[in-house]
Every structure is written in structure tokens, then in C-alpha cells.
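Take a look at the structure below.
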Number of protein chains: 2
Amino acid sequence: MATPTAIAPAHGGPQGAHLLHPVVRKLSVYGSLTAEEQAALAGLGAGAQRVEARQDLLEEGAAPDCAVLVVEGIACRYSHRPSGARQITAYLLPGDLCDPDFAHLRRMNHGVGTLGPCRVARVSRETLAGLTGRHPGIARALRLAKLAEEETTREWVKNVGCRSAIERVSHLLCELHERLRVVGWATKAGYDLPLTQQDIADTTGLSNVHVNRVLRQLRLMRVVEVGGRRVDILNLAALHDIAEFQADYLRPSAVT
Amino acid sequence: MATPTAIAPAHGGPQGAHLLHPVVRKLSVYGSLTAEEQAALAGLGAGAQRVEARQDLLEEGAAPDCAVLVVEGIACRYSHRPSGARQITAYLLPGDLCDPDFAHLRRMNHGVGTLGPCRVARVSRETLAGLTGRHPGIARALRLAKLAEEETTREWVKNVGCRSAIERVSHLLCELHERLRVVGWATKAGYDLPLTQQDIADTTGLSNVHVNRVLRQLRLMRVVEVGGRRVDILNLAALHDIAEFQADYLRPSAVT
DNA sequence: CGATATGTTGATCTTTTTCAAGGATCGTGG
DNA sequence: CCACGATCCTTGAAAAAGATCAACATATCG
């Protein structure tokens, strides 16, 4: 949405299919939606508010009162250890609806916050229930999107559990590339990424220093250049190879 | 279920509330179930089949045709890297229903297999749909159980992402203890655990050798003794301290 | 009883972390 | 516009955690 309030100016807004709201683009991956369903979905983003970088959307331990739809920017789920160490457990990209079911919870076991500047819309339980009740296509797409999210979390366990540093970072860059591409915020050449190296470290279970070294190595290998809030992909095939990246887990498909 | 076909003989079957099926015990955590609902749930386990250790229940890449209910024993979700390295991403304990929604998938991105000998029941989509359709209490409990499973996977990301070896192993032992206790297969003193050190290594992202050393350290610290397919807890408080274990994530509670 | 799995230990090597310091960048207020 | 502080990035050196390799012990099971 290249609206006047768009956030990422450097390399412009979403690519292609300009008129589609990211949540429509994302959910369309899981099955076709009627025009009516698309309109209803896009309506969710109508009241989106601007939120600065590094702000909490849902606090650790709080009782959530609504779901959150990311319209623009990057947010994350995170959790802190008593020592202060932070682990990021998921990214929320444009089009991602942060957990419908959470709105029913008495207490959050993790927090949700922005990483870069965002535009987000809060969605009440009632609105969401109405939407899925009236539009079976949306309900179905949301179910599959959730399945994809679960599979993604499992892939992250695999990533931090048994891949080397360079593989982990590469895998993260591949996943972000693929997911942003779906909603039009990435091209083959790369994407804007408002993360610090510390954020990448907290995601991959590495130290910020080592992330820096891995990124330098990837740059020297002429695979990808990360810096200046931007990811420039020089050799996508090589990046995929290093990461052993298979995008399947991002797009589950149902039988029916 | 101290039935004639019970598997773990060493320290006997489930403790307390002997008559309740594990899936009833587990789901009761998320809200009270009517007698009728309990009976319907217990009926799922009626046709349970014995499965040996280290057998696939759902293969990586296959199209699942049904859900799987673990009645007894321990199974897991796992994924292999091209190199052959294995990452375990979840444990399935007695009372766990392996992913209802999966039955709709065209292709599994991970496998499900037994770790020790198990008794499992296959549950068709129709059976499951009928059950949740007729019994709102079951539907609700399954939703919360799934939420707990998601939260658990995120906790695992945190575990392998930012905890030391001894913390990771301790956390795993705490989680298994708590989950098995709910379904009556653990006491304060410990539980039977048919895992090899390699299995623990594949779960925690460590080498088998290092797992061995961590277990020795925990034994010397007189915290817990792991061996002979058995976990004996000597000092539960100390184990929780080392792991920074907070059981909250295992039992989400809804507002309504 | 041998064969295969698993567990145990020591020695060595690699990866990654930690610590420390300096440099770049960016936003802000004077 | 520039100076300033704050944050982020970068690099080196040293230390630590954990992996790997190799050998042997010990179940376990047909």
C-alpha cells in the first residue's frame, strides 16, 4: 500500500499487485478468496495506527484483549530470561494476524512488540468471530496460516537446534525474503529490513559479535549484503544452498 | 490404565485417578468436562494398537490420513537435515492428540514416530469432527491444548536458543516431569523415560557426548539421576532452579 | 554367546562467546 | 550547521563451551 503514510521509503512499497492489502495477499496463498472476502479482510486494516520501533504491542504476562494485524513493518514475539537475555520466537510481517486465539487467554507467556516502525490494527474478538463466521474462505485461510506459523516455529527449533551460525543466519534471511515477497515487500534483489544485528542474534541464538562476523563472511562470499537497514541479495541460489532452505513449510496446503 | 497390555512395568502405570484415560486427565486441565464428554474421549483410545519403539507413525513428506492419539508411551515430532542430523521438535505423551488439523494436510513437513514402545489409536477426521461438534467442552479443551502445544514449541526455541547445556537438559527433564505428572505417569520422585542420550541430544541441540557429561554433572550435584530408562529426581527445587522452569506455558487458561 | 545398541571417559579441536576498544551513524538540541 | 550523546557496527585477542574423535565398558537381546 503506497499510501501517504507508508513507512519504508528507501526502496518503495510493496511490489506488484499494488492494490491488494497484505493480509489479502498473504491469505490468498492458502486458497482463493471471493471479492467480498477480500474486501472484508482489507477492512480490518482500516483503522491501522502508526507504532514506533521497539514498542510493546502486547506485554509479557498481560491479558490480551484483542488480536493484532500487522499492516506494515516488522514486529515479533519475544521472551525474556531472568538474566535479561531475549529470545525472539517469531516475526510478524505485513499481513500477519497475531494470534486470534490469544485474545481468549488470561495471561500471555510471551510479549509481542515492534522491531521497526509499524502500522498495526487492533482487531476485537467480536470482529474476528464475525469475519470467520460469515466467510468460510477466510476461516479456512486463517486455519492454514496458523498451521504455517506452527510449522515455522518448529523450523526455528531445527534452525537453532542443529544448524551452524552461518546456516542459521542464512536461513533467517531466506525465510524473511520469501515471506516478504508474498506480501510484496521484497523483490529478487532484496528487501528493507529494520533489524539490528542484536535482533538477529536474539533470533538465531548467537552473540551480536558473531552475527557481525557471519554477515561479513556472507558479504565476502558475495552471497548477500546486510546493512543500512537493507538486505541486498547477490546470489539467491547460494543463499538457499547454505541455508538448506525449503519454502514448503511456509505454505501448507489442505486436501479439501 | 494398568491394563494387561500396559507397557512400562518397572515402576507401574499411572499414579492416582487410575480409572481416567490419559486424554481425559490431560484435557481436564483446561476446563471441566461432563461425564458424557469424558466417556466420548475415552472411547477414542478403545482401538489403540501397540507400536514398537523407533517406528514411524506419520512419515516425513507423506500425506496424513488421520490424527494419532497417544495412549501410552512416548512419541515425537522430528525432522531430518540432508546431512542426516535429526532434530526432535516435540514430544507426544499419553493423552496427546497429534494434530487434528494435520489430517487436512497434503504433505507433512516433519515426521512423527515413537521413541519408546507405545500404544496409539488412530482417529479419523470424521470421528474427530463428530466429537468436537457434539461436545463443545471437548472442542474448547482441544483448542487450549493446542495453544499449550504452540507455547511449548516457542519455549523450546527459547531453550535451544539461549540456554546453556545444563539448563537445556534440566528444562527438558522438568517439562517431561510436569507433563507426565498430569497424566499420572510421574510422581514427585521421578518417572520412566525410554529415551537414549542421543534422543536427548537431538532434542536439546547438543552432542550425545555432551549430554552424557551434563547428566553426570546433575548426578554429582545430587539433583537428578538419569539412566536405565528411568529419571529419579533427587532435588526437584534445584532442578527447577537450574532450568528456570515455569510451568505456566503448559497450562494456558482462557478468560471465558 | 556373540552382535548390536548404548553409555562412559579422555584428549583434542572448533566454534562461538566474552571482553575490550574504537569507529560509524543518526537523531537532537544548541 | 555543528556538537553531542546514544546506539549500532566492527575488529582483535583471549576464554569458554561444546563438538569431535577414539577407545572401551556395559547392557540388552536374539
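Letters A, B, ... are given to chains in the order of the sequence lines, protein chains preceding strands, and every chain is numbered from 1. Reckoned from all heavy atoms, side chains included, excluding hydrogens, waters and symmetry mates.
- Open room surrounds CZ on B/Arg229; 12 or fewer heavy atoms of other groups in view lie less than 6.0 Å from it.
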Open item on the list: What verdict does the side-chain contact (heavy atoms from CB on, under 4.5 Å) test give for A/Thr114 and A/Glu52, after you've listed the backbone C-alpha separation in whole Å, the side-chain angles of each residue and the deciding distance to 0.1 Å?
Closed with: CA-CA 7 Å; A/Thr114 60; A/Glu52 292 308 308; 6.0 Å; no
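- Atom CZ of A/Arg168 is separated from atom P of C/dT15 by 13 Å (rounded to the nearest Å).
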Open item on the list: Pairs counted only when both distances fall under 3.5 Å, Watson-Crick or G-U: show me the 5' to 3' dot-bracket for DNA chain D, [ ] for pseudoknotted crossings and | for other-strand partners.
Closed with: |||||||.|||||||||||||||||.||||
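- For A/Tyr249 and A/Trp156, the distance between ring centers is not under 6.0 angstrom.
- Residue A/Glu59 places its CD atom among 12 or fewer non-hydrogen atoms of other residues, nucleotides or ligands, all under 6.0 Å distant.
- With A/His177 as the fixed residue, the ring pair (Phe, Tyr, Trp, His ring centres under 6.0 Å) test singles out one of A/Trp185, A/Tyr91, A/Tyr191: A/Tyr191.
- A syn base is found at C/dA5: its glycosidic angle is within 90° of 0.
- Nucleotide C/dT17 holds its P atom 9 Å from the CG atom of A/Asn208, rounded to whole Å.
- For A/His210, the side-chain atoms get nearest to C/dT16 when compared with the rest of C/dG7, C/dT16, C/dT18.
- Contact check, B/Asn212 against C/dG7: no side-chain N or O comes under 4.0 Å of OP1 or OP2.
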- [ ] Apply side-chain contact (heavy atoms from CB on, under 4.5 Å) to B/Val214 and B/His210, showing your working.
- [x] CA-CA 6 Å; B/Val214 165; B/His210 204 61; 4.2 Å; yes
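- With hydrogens and angles ignored, a donor-acceptor pair closer than 3.5 Å exists between the side chain of B/Arg213 and the base of C/dG10.
- With a cutoff of under 4.0 Å to any heavy atom of chain B, the contacted region of DNA chain D is bounded 5' to 3' by D/dG18 to D/dC21.
- Each of A/Arg86, A/His80, A/Gln87, A/Gln197 was compared with A/Asp202 under the side-chain hydrogen bond (donor to acceptor under 3.5 Å, both in side chains) criterion, and only A/Arg86 meets it.
- For B/Arg77 and B/Glu149, the salt-bridge test passes: some basic side-chain N is under 4.0 Å from an acidic carboxylate O.
- Base contact: B/Ser207 has a heavy atom under 4.0 Å from a base atom.
- The interatomic distance linking A/Arg229 (CZ) with C/dT25 (C1') rounds to 10 Å, in whole Å.
- Computed from coordinates, the B/Ile200 CD1 to C/dT6 C1' distance equals 12 Å when rounded to whole Å.
- Rounded to whole Å, atom P of C/dG7 lies 12 Å from atom CZ of B/Arg219.
- Looking at every heavy atom in both residues, A/His110 comes nearest to A/Ser79 through CB-CB, 4.4 Å.
- Proximity note for A/Ser164 (side chain, C-beta onward) versus C/dT8, C/dT16, C/dC19: the nearest is C/dT16.
- Between B/Gln197 and A/Val211, it is B/Gln197 whose nearest contact on DNA chain C lies nearer the 5' terminus.
- Computed from coordinates, the B/Asp199 CG to C/dG7 P distance equals 8 Å when rounded to whole Å.
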